[in-house]
Amino acid sequence: MSKSKKIALSAMAVLSAVALAAHPVSAKSTSGTVSFPSAYKNTSAASKSANNKSTLKVAEPNDSPFEGISDPVLASNAEDADVFAPGGLDTLFFNDKNYKIVNGGLANLKLDRKAKTATITIRKNAKWSNGMAVTAKDVEYAYEVIANPNTTSQQYSSDFATIEGMTAYHAGKAKTISGFTYPDGQNGKQVVIHFTKMSPSMKYAGNSFIWDSVEPYEYIKNVSIAKLASSSQVRKNPIFTGAYKLDKVVEGESTTWSPNKYYFGKKAKIKHIVISVVSSSNVDKAIQSKKYDFTSPNGVMHGTDYKELKNLKDYSVIGLPELGYDYFGFNVGHYDTKTQKNVMDKNSKMANRSLRQAMMYALNLDAVEKKFGYGVSWRANTLLPPVFSKYYNKSAKGYPLNIKKANELLDKAGYKKKGKWRVRPNGKPLTIYFGAMQGTSAQQAEYQDYLQQWHKIGLNVKLATGKEMEMNSFYDTLEKPKQSKIDVYAAAWSLSSEPTPTQIYGEDVPYNMGHFVSKENTKLMNEMNGSKAWTESYRVKVFKKWQAYMNKEAAYAPGSFSYTWAPVNHRVKGYNVSPSNNEFWSNLSLTSSKIK
């Protein structure tokens with residue numbers, strides 16, 4: 001399965017993820033209530049007629065139209081990655097069950113720690129779905145798009161600055177990135193990246209130093225990088241390197257696919273695939289009435305869906321621990337477009353750490369998850385999911401309900417009650433705006449519960465804009481360099497298969513939408529990949545220290561952990577979401593012409 005970069009997600013509770021678990025373990029919650037196999041073993045023979053004549057129908061559960069950005073460098077939400085997944089998301093490398101990069105993919109990787117280089121060698125038969133060769137320039141151009149001063153990509157972080165010449169290019173002082181060399185020219189098959197330092201994370205897919213996909217340079221070179229995301233090459237007629245080619249996009253609604261004859265790997269067996277957006281309120285009925293073969297392997301499926309579908313005849317539930325989490329973010333600053341850095345505002349409404357901690361202690365997340373999670377999700381205790389078992393801080397407490405502590409924190413910090421509501425320490429009224437995305441009725445109930453809990457401690461918290469926000473509008477607001485509409489928000493991350501958090505919580509990253517910055521946070525994240533981190537025990541210690549620090553600061557606070565799962569119809573053969581299954585789409589086939 002794919003292993004994306006960190007990206008933002010649609011509505012909370014149980015989130016969508018582009019990447020799957022870093023370790024192939026069975027899904028057991030803290031209470032041991034659910035367990036999922038990672039593959040559906042269909043013993044029936046594949047039907048040639050079914051593969052050739054019928055259509056594999058996939059539901060993408062989402063309450064908003066997908067944005068339609070097919071390019072993984074430019075996409076900023078998981079839903080786009082879901083609907084364009086059969087194209088392979090132009091992934092460079094294959095990986096093993098622990099996400100360690102292995103040979104055999106579109107390209108191979110060789111690291112030289114002494115020379116401080118990464119050599120990427122593209123397969124001789126690597127082609128785009130229009131027959132164009134994949135070249136060395138295609139590898140390098142992804143970095144140009146990510147780091148260009150005018151880009152709309154949100155994937156840049158200071159980790160890329162370890163590539164020689166990247167800082168000058170990112171600042172607009174150089175037209176090319178000097179750290180890239182081409183042993184057999186830009187149209188050749190080899191790229192050497194020169195680094196100022198090497199990181200132990202480079203061995204793993206989805207790391208924050210070596211980008212994991214290619215850009216079709218010849219196909220898009222005449223489009224300015226600033227306008228690339230809105231171009232027809234990305235929106236209407238994108239090309240891919242994976243098992244399937246795109247036949248049609250119905251804007252925001254569906255994508256249609258057929259086999260890519262130029263694909264280097266295992267040939268696709270199913271001749272027609274359609275992926276359609278289905279609202280969270282309709283997805284259970286759609287599966288129950290057998291309109292779809294399965295929901296997107298990484299799509300948003302909630303505990304309430306699990307309750308409805310777990311015993312459905314002719315479907316099996318397949319899943320893995322979620323490579324992501326939902327969280328609460330507090331707006332504590334702004335993004336300086338000149339320096340391209342996030343800045344903390346000491347006088348911002350949510351700048352007081354005690355206020356943030358109190359708001360988290362006021363929430364009864366254990367009760368919420370017990371009521372709506374059905375064993376599929378549970379309260380998170382830290383900003384790193386337990387699927388990263390080596391680095392996960394299981395002893396972290398997170399924020400269990402503690403109303404007494406919440407009130408004490410507010411009293412001590414000077415948020416005194418004046419009538420029904422507390423006021424700021426300076427005596428001025430305090431109204432806090434909570435940003436929440438449109439979702440299921442269960443999610444609406446969760447949001448109302450949060451508001452009630454905050455009201456209990458005397459905080460006047462209201463829904464931002466007066467109602468739940470449409471997903472694209474929600475993120476558009478948060479991604480503004482400076483905004484005052486949302487003070488605290490509920491959102492979710494899909495993580496890449498290498499857990500370094502610089503791309504979402506770094507000083508210079510657009511994804512740091514709450515704008516939290518501190519010397520300690522930067523120091524700890526840098527130490528995760530510093531020279532000492534080659535010693536695994538040291539790296540583990542730093543990760544655990546970072547989790548404890550972030551919990552204390554509560555600028556971002558953990559919401560819930562969960563499982564990613566899908567109901568799979570029994571006519572589907574070869575469905576396997578194990579991390580080492582690098583050929584997910586081309587391994588699929590059908591055993592009958594109609595959905596069972």
Which residues pass the side chain to side chain contact (heavy atoms under 4.5 Å, CB included) test with P200, not counting sequence neighbours? N529, A533, W534, R539
Do the non-hydrogen side-chain atoms of Y563 and W378 ever get within less than 4.5 Å of each other? yes
Polar side-chain atom of S496 near backbone of E498 as donor-acceptor pair, under 3.5 Å: yes
Is it true that a side-chain atom of Q547 and a backbone atom of F543 form a donor plus acceptor pair closer than 3.5 Å? yes
Will you find, in the side chains of Y335 and N512, an N or O donor that is under 3.5 Å from an N or O acceptor? no
Hey, does V73 have a side-chain heavy atom less than 4.5 Å from the side chain of W211? yes
Between the side chains of E536 and K390, is the shortest nitrogen-to-carboxylate-oxygen separation below 4.0 Å, so that they form an ion pair? yes
Taking the ring of F328 and the ring of Y399, is the distance between their centroids below 6.0 Å? no
Distance, nearest 0.5 Å, that separates CG of D284 from OG of S289: 10.5 Å
If I compare all heavy atoms of F36 with all of G319, which pair ends up nearest, and what's the gap? CB-N, 3.6 Å
Can you tell which of Y40, F584, Y315 makes a ring pair (Phe, Tyr, Trp, His ring centres under 6.0 Å) with Y575? F584
Do you see a donor-acceptor pair shorter than 3.5 Å between the side chains of N407 and R422? yes
Report the residue from N551, N521, T382 that forms a side-chain hydrogen bond (donor to acceptor under 3.5 Å, both in side chains) with W546. N521
S578 to S38 - nearest heavy-atom pair and separation: OG-OG, 3.2 Å
Kindly say whether E470 contributes a backbone atom to a donor-acceptor pair with the side chain of S64 at under 3.5 angstrom? no
Verify, without hydrogens or angle tests, whether T500 (side chain) and T502 (backbone) share a donor-acceptor contact under 3.5 angstrom. no
Between CG of D508 and OH of Y156, what distance do you get to the nearest 0.5 Å? 6.5 Å
Donor-acceptor list for residues 454-464 side chains, cut-off 3.5 Å, not counting sequence neighbours:
unit_1 : atom_1 : unit_2 : atom_2 : d
W454   : NE1    : M359   : O      : 2.8
H455   : ND1    : L451   : O      : 3.4
H455   : NE2    : V461   : O      : 2.9
K456   : NZ     : Q453   : OE1    : 2.9

Is the number of heavy atoms from other residues, nucleotides or ligands under 6.0 Å of K416 NZ greater than 12? yes
A side-chain contact here means heavy atoms from C-beta on lying under 4.5 Å apart; do N77 and N472 qualify? yes
Rounded to the nearest 0.5 Å, the OH atom of Y489 sits from the CG atom of L478 at a distance of 5.5 Å
CA sep, side-chain torsions, deciding dist, call: E468, Q443, side chain to side chain donor-acceptor pair (under 3.5 Å): CA-CA 10 Å; E468 289 159 25; Q443 285 174 294; over 6 Å; no
Do any N or O atoms from the side chain of D63 and from the backbone of S280 form a donor-acceptor pair under 3.5 angstrom? yes
Heavy-atom pair with the smallest gap, counting every atom of V517 and E507: CG1-CG, 3.7 Å
May I have the step-by-step check of side-chain contact (heavy atoms from CB on, under 4.5 Å) for L309 and Q288, ending in yes or no? CA-CA 8 Å; L309 302 176; Q288 286 162 346; 3.9 Å; yes
Please identify each residue that fulfils salt bridge (charged side-chain N to carboxylate O under 4.0 Å, His left out) with D80, with sequence neighbours left out. none
So do S76 and Y511 actually touch side chain to side chain, heavy atoms under 4.5 Å? yes
Matching residue for F330 among V488, N352, I486 - test: side chain to side chain contact (heavy atoms under 4.5 Å, CB included): V488
As a test of understanding, state which of T295, D82, I275, V83 forms a side chain to side chain contact (heavy atoms under 4.5 Å, CB included) with V58. I275
Please examine the side chains of L410 and L355, heavy atoms only from C-beta on, and report whether any two atoms are closer than 4.5 Å. yes
Scanning both residues in full, the closest heavy-atom pair of G303 with V376 reads CA-CB, 4.3 Å
Please round to the nearest 0.5 Å and tell me the distance separating atom OH of Y505 and atom OG of S157. 14.0 Å
Write down the atom of G329, the atom of Y556, and the distance for their closest heavy-atom approach. CA-CD2, 3.9 Å
side-chain contact (heavy atoms from CB on, under 4.5 Å) for T522 and N526? Distances and angles first, verdict last. CA-CA 6 Å; T522 301; N526 286 340; 3.6 Å; yes
Does the pair N282 and S279 meet the rule for a side chain to side chain donor-acceptor pair (under 3.5 Å), with working shown? CA-CA 5 Å; N282 290 332; S279 71; 3.1 Å; yes
Under a 3.5 Å distance rule, please check whether N582 uses its side chain to pair with a backbone N or O of N95 as donor and acceptor. yes
If you take all heavy atoms of Y475 and A492, which pair is closest and at what distance? OH-O, 3.9 Å
Applying salt bridge (charged side-chain N to carboxylate O under 4.0 Å, His left out) to R424 and not counting sequence neighbours gives none
Would a 4.5 Å heavy-atom cut-off, applied to side chains only, mark M528 and P499 as touching? no
If we ignore hydrogens and angles and just use 3.5 Å, is the side chain of T465 paired with the main-chain N or O of K467 as donor and acceptor? yes
Checking Q483 side chain against K485 main chain: does a donor-acceptor pair fall under 3.5 Å? yes
Relative to the ring of W585, is the ring of F294 parallel (under 30°), tilted (30 to 60°) or perpendicular (over 60°)? tilted
Determine whether Y292 and S276 satisfy the following criterion, side-chain contact (heavy atoms from CB on, under 4.5 Å), listing intermediate values before the conclusion. CA-CA 9 Å; Y292 296 96; S276 308; 3.9 Å; yes
Sorted by chain and number, sequence neighbours left out, salt bridge (charged side-chain N to carboxylate O under 4.0 Å, His left out) with D96 holds for none
Please examine the side chains of E553 and R356, heavy atoms only from C-beta on, and report whether any two atoms are closer than 4.5 Å. yes
Under 4.5 Å between any side-chain heavy atoms of P400 and N402, yes or no? no
After noting the C-alpha distance and the side-chain angles of S208 and Q503, does the key distance pass the side chain to side chain donor-acceptor pair (under 3.5 Å) rule? CA-CA 7 Å; S208 51; Q503 283 178 307; 5.1 Å; no
Ignoring hydrogens and angles, state whether a donor on the side chain of Y99 or N207 is under 3.5 Å from an acceptor on the partner side chain. no
Closer than 3.5 angstrom, by distance alone: can the side chain of N381 be matched with the main-chain N or O of A396 as a donor-acceptor pair? yes
S316 side chain to H570 backbone, donor-acceptor under 3.5 Å: no
Does Y374 have its ring centroid less than 6.0 Å away from the ring centroid of H302? no
Can you tell me if K100 has over 12 outside heavy atoms packed within less than 6.0 Å of its NZ? no
Residues which pass salt bridge (charged side-chain N to carboxylate O under 4.0 Å, His left out) with K349, listed by chain and number, not counting sequence neighbours: D487
